[in-house]
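Here's the structure, in structure tokens; my notes come after.
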Amino acid sequence: MRVCVALFTADLRLHDNPVLQAALRDAERVVPLFVVDTGIRRTGFAVPNRAAFLADSLADLDAALRERGGRLVVRVGDVVEETCRVAAETGAEVVHLAGGVSRYAVRREERLRAELAGDRRELRVHDASLTAVPPGALTPAGSGKDHFAVFTPYFRRWESFSVRRVLPAPDAVRVPDVRSAGLPGARSLAPGSPSPGLPAGGESEARRRLRDWLSGPLSAYDERHDDLAADATSRLSPYLHFGCLSPAELLHRARAQDNAGAHAFVRQLAWREFHHQVLAARPDAADHDYRPRHDRWRRAPKETEAWRDGRTGYPVVDAAMRQLRHEGWMPGRARLLAASFLAKTLYVDWRVGARHFLDLLVDGDVANNQLNWQWAAGTGTDTRPNRLLNPLVQARRFDPDGEYVRRWLPELRHLDARAVHRLPRLDDADRAGLDYPAPIVDLEAAAARFRAGRGVD
């Protein structure tokens, strides 16, 4: 009886899962394996929000496998050691794995391949599982470069790439007799309490949200996705991060809509894949400037703490940071405003902000978080690296009625839109009686400081 191992990592789903389908084709019995990686804790990546979402997702995956006659096999420890141990215990000749792009994932894959080969076993990596287009599949023609450094030419090539077909969920999964630990709870994965507004994890919830998104809101995405008060984005990013939802399936189903909203949404999916191919080629971009600007970053602990707490005195920035703390998530426009304020207005190293986001974001993804922060800081792939986003202008443009601000700043709910947007310009006498801080920085002085620090006119 031939046995294979399907090693789940960031692909916690049954629908359109190349790793699981390949294992089922290869063998009569399959071990659907998830290893609670104790090494993740040492990296600081195990945080309460993602731990809670992961626990939900594993429970949902186990339930779906049991409906098909199988179960999720859970081990705790080093991923390579535990996977090799399971392979030896079951006599599995092949382990299937989704290819990752972070340094951690690449090193794990290299170690696993070497250890399995030493036991005369094989590792098969599937590169079109975590992204629709495999990282590295597209490179600039005739340039000799190993990745695209600018989004627009990447997007043109990505649009024409033939994405693999969507795979069905299996009807049955037969699992050999093998020991399993119990499903982990959130607190066993990371100490601490998750954000109170955290969404539920798992493929079942992902597919429910996908149906809701495709049934109507998607068609208006082009017009409404930057409207902060409208909450008109898909909120599918956590499910993509954990692989509860297939990026290939999402791309196919969005393209099938063929309207302006769908086209704009597909472009955002391409940004996600663009960042994955950058990190695959430049893994050091996770913590080093992709394009160094020789910045003289400030150490501003009090201002940074005010930014973290949503007490900068700029309402739209503070609303974004309060939403992040409450939900473990915020829309793309809010992320950009918050990141730009820290990295350019306060002129604090982008890595400080990226770390804070990773501490809270349920969709905290090394490729997208770090490279979006670099884009906001002007050290990444932005073709206009020295642009400055004025939070007052941005607030009037993307929250004109002040609804988003009042939603997340209860101390300002009694103010109308005009008053909310004028707050940072009021003097101390005019703000008397408000439980809201004066601005921690003058925007004109901050812009001058940024230009001087970066050495631009």
Side-chain angles (χ1 to χ4, degrees), residues 43-44 102-103 145 147-152 271 274-275 277-314 316-318 320-321 324 330 332-361 364-394 424 439-457:
T43 69
S102 69
R103 277 179 301 201
K145 296 179 179 178
H147 72 290
F148 280 90
V150 178
F151 175 74
T152 300
W271 269 107
F274 172 71
H275 287 150
Q277 61 94 41
V278 170
L279 190 66
R282 291 280 300 277
D284 63 330
D287 45 35
H288 290 78
D289 291 349
Y290 181 76
R291 289 192 174 113
R293 305 295 180 188
H294 309 293
D295 285 292
R296 298 191 288 275
W297 303 111
R298 300 172 62 234
R299 289 179 180 241
K302 290 184 178 179
E303 293 173 2
T304 301
E305 192 62 25
W307 173 82
R308 288 192 184 106
D309 291 342
R311 300 283 291 174
T312 68
Y314 288 92
V316 75
V317 174
D318 293 340
M321 297 305 292
L324 172 62
M330 53 181 168
R333 176 57 56 177
R335 298 184 197 209
L336 177 58
L337 293 178
S340 177
F341 188 86
L342 183 77
K344 287 182 173 174
T345 303
L346 298 182
Y347 202 35
V348 170
D349 194 330
W350 64 266
R351 282 157 279 244
V352 174
R355 179 65 260 176
H356 181 67
F357 271 30
L358 282 179
D359 285 344
L360 290 173
L361 283 173
D365 177 285
V366 172
N368 286 291
N369 186 64
Q370 308 304 90
L371 289 168
N372 273 321
W373 265 94
Q374 292 225 44
W375 194 96
T379 62
T381 60
D382 186 6
T383 55
R384 294 170 55 200
N386 299 319
R387 76 175 91 194
L388 289 163
L389 297 182
N390 183 313
L392 302 180
V393 173
Q394 294 282 305
I440 62 174
V441 63
D442 176 80
L443 294 180
E444 291 184 6
R449 180 175 60 203
F450 169 75
R451 289 192 292 267
R454 187 159 284 186
V456 296
D457 296 329

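Just so it is clear, the values below take in all heavy atoms, side chains as well, and ignore hydrogens, waters and symmetry mates.
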- line: Given the options Trp350, Phe450, Tyr347, Trp297 meets ring pair (Phe, Tyr, Trp, His ring centres under 6.0 Å) only with Tyr347
Exam field: side chain Asp295 to backbone Asp349, donor-acceptor pair closer than 3.5 Å: no
Side-chain donor-acceptor distances from residues 383-390 under 3.5 Å, at least two apart:
{"residue": "Asn386", "atom": "OD1", "partner": "Arg454", "partner atom": "NH1", "Å": "3.3"}
{"residue": "Arg387", "atom": "NE", "partner": "Asp382", "partner atom": "OD2", "Å": "3.1"}
{"residue": "Arg387", "atom": "NE", "partner": "Arg384", "partner atom": "O", "Å": "3.4"}
{"residue": "Arg387", "atom": "NH2", "partner": "Asp382", "partner atom": "OD1", "Å": "2.7"}
{"residue": "Asn390", "atom": "OD1", "partner": "Leu392", "partner atom": "N", "Å": "2.8"}
{"residue": "Asn390", "atom": "OD1", "partner": "Val393", "partner atom": "N", "Å": "3.3"}

message: Taking the ring centre of each residue, are Trp375 and His275 less than 6.0 Å apart?
response: no
- prompt: For Gly380, does its backbone N or O pair with a side-chain atom of Arg291 as donor and acceptor, under 3.5 Å?
  reply: yes
message: Within the 4.5 Å heavy-atom criterion, are Asp287 and Arg103 side-chain neighbours or not?
response: yes
- prompt: Can you check side-chain hydrogen bond (donor to acceptor under 3.5 Å, both in side chains) on Asn372 and Trp271, steps first, answer last?
  reply: CA-CA 10 Å; Asn372 273 321; Trp271 269 107; over 6 Å; no
message: Quick test of your reading of the model: are Asp442 and Arg449 salt-bridged, counting only N-O distances below 4.0 Å?
response: no
query: Side chain of Gln277, backbone of Phe274: donor and acceptor closer than 3.5 Å?
result: yes
task: Decide, yes or no, whether a salt bridge links Glu305 with Arg308 under the criterion of side-chain N to carboxylate O below 4.0 Å.
output: yes
Ring-ring centroid check Trp307 Phe341, cutoff 6.0 Å: no
- prompt: Counting N and O atoms only, with roles assigned by atom type, does the side chain of Gln374 sit under 3.5 Å from a partner on the main chain of His288, one being a donor and the other an acceptor?
  reply: yes
